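This report refers to the structure that appears directly beneath it.
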Amino acid sequence: TSARLSQYVPTAVGQNIVEAHLCARYLELGGKILRAARVMGVSEDDTAADEGGRCTVAVERYVYVRPPAQAPPLPPALAALTSTSLSARFAVGA
């Protein structure tokens, strides 16, 4: 006989399903998700000691399409802003 470690049966869940649920919850909490962007730099600022410090993340627009396909042109509103920086208490990336 084998010992049961849990009452729940393991289930495989696709990344797209997990990502959709995490995205929905993050947006409910007021988060901002940047897609088609790559990190160009991260710096920490611990001068705001009362807040526990902050970090600044520099990002640029980056659309990757596996060759030989080519990415369609970006809409004018997106093409006008090619890079920016964000300041937050936490930065999470994958």
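None of the values given here were measured: they were computed from a predicted structure.
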Atom pair OG/CZ of S87 and R54 - distance to nearest 0.5 Å: 4.0 Å
OG1 on T84 to CD on E60, rounded to 0.5 Å: 12.0 Å
Considering residues, nucleotides and ligands other than Q15, do more than 12 of their heavy atoms fall under 6.0 Å from its CD? no
Is I17 reachable from L22 through a run of hydrophobic residues whose side-chain heavy atoms are each under 4.5 Å from the next? yes
My understanding is that only one of V63, T82, L81 makes a side chain to side chain contact (heavy atoms under 4.5 Å, CB included) with L74; could you say which? V63
What I'd like to find out is whether the side chain of V57 reaches to under 4.5 Å of the side chain of V39, using heavy atoms alone. yes
Say you draw a straight line from OH of Y62 to CE of M40; how long is it, rounded to the nearest 0.5 Å? 10.5 Å
